[in-house]
Amino acid sequence: MTSVEQVAPTANNFLKTIIDEDLKSGKHSSIVTRFPPEPNGYLHIGHAKSICINFGLARDFGGRCHLRFDDTNPAKEELEYIDSIKESVLWLGFDWGEHLYFASDNFEQLYQWAVFLIKDGKAYVEDLNAEQIRAHRGTLTEPGTESPYRNRSVEENLDLFSRMRTGEFPDGTRVLRAKIDMASPNISLRDPVLYRILHTPHPHVGDAWKIYPMYDFAHGQTDAIEGITHSICTLEFESHKPLYEWFLDNLPVPSRPRQYEFARLNLTYTVMSKRKLQELVQLGTVSGWDDPRMPTLAGIKRRGYTPAAVRAFCEQIGVGRSDSWIDVSILEECVRTDLNESAPRTMAVLRPIKLVIDNYPADLTEELQAANHPQKPEMGSRTIYFNREIWIDAEDFMEVPSKGFHRLTVGGEVKLRAGYIVKCTGVVKDAQGAVVELHGEYDPASREGIHTADGRKVKGVIHWVSAAHAVTVEVRLFDRLFSDPNPDRGGVDYKQFLNAGSIETLSDCKIEATLAGANVETRYQFERMGYFRQDPKDSFPGKLVFNRIVTLRDAWITKK
RNA sequence: AGGGGUAUAGCCAAACGGUAAGGCAACGGCCUCUGACGCCGUCAUCUCUUGGUUCGAAUCCAGGUACCCCUGCCA
């Protein structure tokens, strides 16, 4: 290594600027961020952006990042999700260390703070039902009207609130509200609900509570309790900020966090809403939350995307406040870039057609050496076998070649990668006229390079596998789940944009024998075909299943 | 009585009153036993629009326009 320092490629963004200034001015001596998912579903690529921002900022500025479950609504939350979220964050390469928190661990403190507000005349128990509350709230352009219960005495409020806690009242009969301003142009300030009655057990604190705080009453205070300095969320919470601050201003909280918002990730050709993803699972359109086509982190992981690639993607798309649409191809490109470095090369024939080399001795098998990586000799080489009958890909042969096609044609010659130059001398057809077998002749002197004996350079190099040594496996090729760039746009059913060809299963693929004992975790490049790895759920010794993680770039296809 | 945001190239995105970074894509070309990888080059006289302030404006001011978010006892 040279002594030249690698300049940090990380682009500047508004959050870094804010933190820089806070550190420089002495407002904070170090920063604390948090990733605060509600455990009500699986994480997706949009969450990865948030995770990378929060944990990345902490890492870059020498601070720390907490994992906090925002578990204030037991009706939607489950232990299963808590576990899968932890797993996904870890998989992405981040670690909260000792700093795992649950909003629900603060329920007693939050309750005491609610009592504090009541005593301060800033909160009251509401007897109106949900529908009436809505009617009183007003509209976007009209102010709301005050509830008849708004001016109850502190004593009555205290009594009612404590009885709400003990479970005396059924769900939906009362709520606790903040007394702020029913005429505020910001609707979230029109006496927001603080607590609702829910006789529902909670995944983390069990049946200790019959009332649960709302997000708004929990988030900022929890940030304050944890000592969060920069509370980073998505743009849709922006209008909640005055409320977030109202609580911090009116409660004896131990610290003063600030909320900052960024634009959430929108990806083309995919849907990100939990409801729609769930529907795809329920309908059986996909095999589950971890279907390799899903934008969930579980799906992405199973597909074979690497954490490093996802992190690089999040770094590359940047952080801003303007609504943006990122093309999925950028994610795919990040995966290619990462895998190109690390994936050992191998050959696999996906759509096999037999090539019989008539001038090759029937009883001979040669051992050839093939490099595992063209630019990295340190990755070594492997032994492959060459004999009279080999498999080549049907797509690498055209009886009547199209313009620009430089693979195998009748009478044409091509280099078999790491092997010999062969010339196709004829084809065998079935009754329907389809080509079922190729015949050819090889040039024994063409092991090195791509030049023929008379000095010509062959145009094409194709992959192949010895028929006698090949192992047959299943390969699954994936394409985008949707055929429209924005299936989630309003007004139409996103399901009408489902891509019928989003998965193609090939059951008669031929791989090199050395791959039969391959590690499930190892990603390979099947030369000229893309990056693949075994499906962690469906692949077993004796019945191997490979997923195509991503194709190689293909200027030829693009040109066609 | 509505409020809050956002507009810089095909897609992201820097810039902090001093003369439009970078990445991806695209397009040429080179290299190549992967139509891969890699390498070289090209790609905004201009920042949604109209005025204004200034020696100087993407940055400041005023007026437009477009899009996004907010009327859950969801987060």
Side-chain angles (χ1 to χ4, degrees), chain A residues 9 11-14 17 36-38 40 70-73 75-76 126 129-130 133-135 137-144 171-177 183-190 192-198 211-212 214-216 218-219 233-242 261 263 268 274 315-327 329-330 333-334 336-337 340-341 345 347 370-371 373-375 404-407 415-419 421 446-451 457-463 525-530 551-560:
Chain A
N12 206 18
N13 66 51
F14 76 100
T17 304
E38 182 188 18
N40 69 343
D70 238 338
D71 53 351
T72 55
N73 184 3
K76 294 185 171 183
E126 170 68 272
N129 64 31
I133 289 175
R134 192 181 322 117
R137 189 151 32 224
T139 69
L140 294 177
T141 52
E142 296 160 332
D171 289 5
T173 53
R174 278 179 240 263
V175 292
L176 183 74
R177 291 232 253 173
S184 172
N186 182 339
I187 291 176
S188 61
L189 257 21
R190 317 237 263 231
V193 172
L194 269 31
Y195 271 90
R196 74 286 219 184
I197 300 169
L198 240 37
I211 56 173
Y212 292 93
M214 300 288 289
Y215 162 85
D216 285 310
H219 204 92
C233 61
T234 45
L235 244 20
E236 65 266 31
F237 291 102
E238 193 165 27
S239 59
H240 295 234
K241 188 145 106 184
E261 312 85 15
T268 58
K274 210 163 282 179
E315 192 63 49
Q316 201 166 113
I317 60 178
V319 185
R321 286 174 60 87
S322 59
D323 296 325
S324 61
W325 281 88
I326 308 294
D327 199 285
S329 63
I330 293 184
E333 196 51 40
C334 288
R336 286 188 190 103
T337 301
N340 177 52
E341 290 296 313
R345 316 286 126 127
M347 293 195 282
H373 191 115
Q375 283 85 33
F405 183 82
H406 52 239
R407 278 112 90 152
K415 170 78 175 186
L416 294 173
R417 170 130 248 233
I421 290 174
S446 63
R447 273 277 295 281
E448 302 295 328
I450 53 170
H451 291 272
K457 203 173 175 180
V458 299
K459 289 191 295 265
V461 177
I462 65 171
H463 57 96
Q525 183 191 104
F526 289 179
E527 290 196 80
R528 305 206 305 133
M529 292 288 103
T551 61
L552 255 31
R553 281 188 64 194
D554 191 339
W556 171 237
I557 285 183
T558 311
K559 197 162 284 179
K560 281 193 296 187

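When reading the values below, keep in mind they use all heavy atoms of this one structure, side chains included, and skip hydrogens, waters and symmetry mates.
Closest to the side chain of A:Leu552, out of B:A36, B:C16, B:C24, is B:A36. Listed nucleotides B:U71, B:C33, B:G35 differ in distance to A:Arg134; the shortest reach to its side chain belongs to B:U71. Across B:C33, B:A75, B:A36, the shortest atom-to-atom separation from the side chain of A:Glu38 is found for B:A75. Among the nucleotides B:G35, B:C12, B:U34, the one closest to any side-chain atom of A:Arg407 is B:G35.
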Q) How is the base pairing of RNA chain B summarised as a dot-bracket string, given the Watson-Crick and G-U wobble criteria with both distances under 3.5 Å, [ ] for crossing and | for another strand? A) .((((((..(((.....[...))).(((((.......))))).....(((((..]....))))))))))).....
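Rounded to a whole Å, the NZ atom of A:Lys459 is 16 Å from the P atom of B:C33. Separating the CD1 atom of A:Ile462 from the C1' atom of B:U34 is a distance of 12 Å, rounded to the nearest angstrom. A straight line from CD1 of A:Ile197 to P of B:C73 spans 14 Å, rounded to a whole angstrom. Atom pair A:Lys241:NZ and B:C69:P shows a separation of 19 Å (rounding to whole Å applied).
Close to B:C37, at under 4.0 Å from its OP1 or OP2, lies a side-chain N or O of A:Arg553. Look at A:Arg137 and you'll find a side-chain N or O under 4.0 angstrom from OP1 or OP2 of B:C73.
For B:C55 and B:G3, the P atoms lie 36 Å apart once the distance is rounded to whole Å.
Among the protein residues, A:Phe526 comes within range of no part of the nucleic acid, since none of its heavy atoms lies under 4.0 Å from any strand.
Residues that satisfy the ring pair (Phe, Tyr, Trp, His ring centres under 6.0 Å) test with A:His463, not counting sequence neighbours, are absent from this structure.
Remark: the A:His463 side chain and the B:A36 base include no donor-acceptor N/O pair separated by less than 3.5 Å.
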Within the sub-3.5 Å range, which N or O atoms of nucleotides 1-5 of chain B have a protein N or O partner, and how far apart are they?
from	atom 1	to	atom 2	distance (Å)
B:A1	O2'	A:Thr141	O	2.8
B:G2	N9	A:Leu140	O	3.0
B:G2	N2	A:Pro185	O	3.3
B:G2	N3	A:Leu140	O	3.0
B:G5	O3'	A:Arg321	NH2	3.1

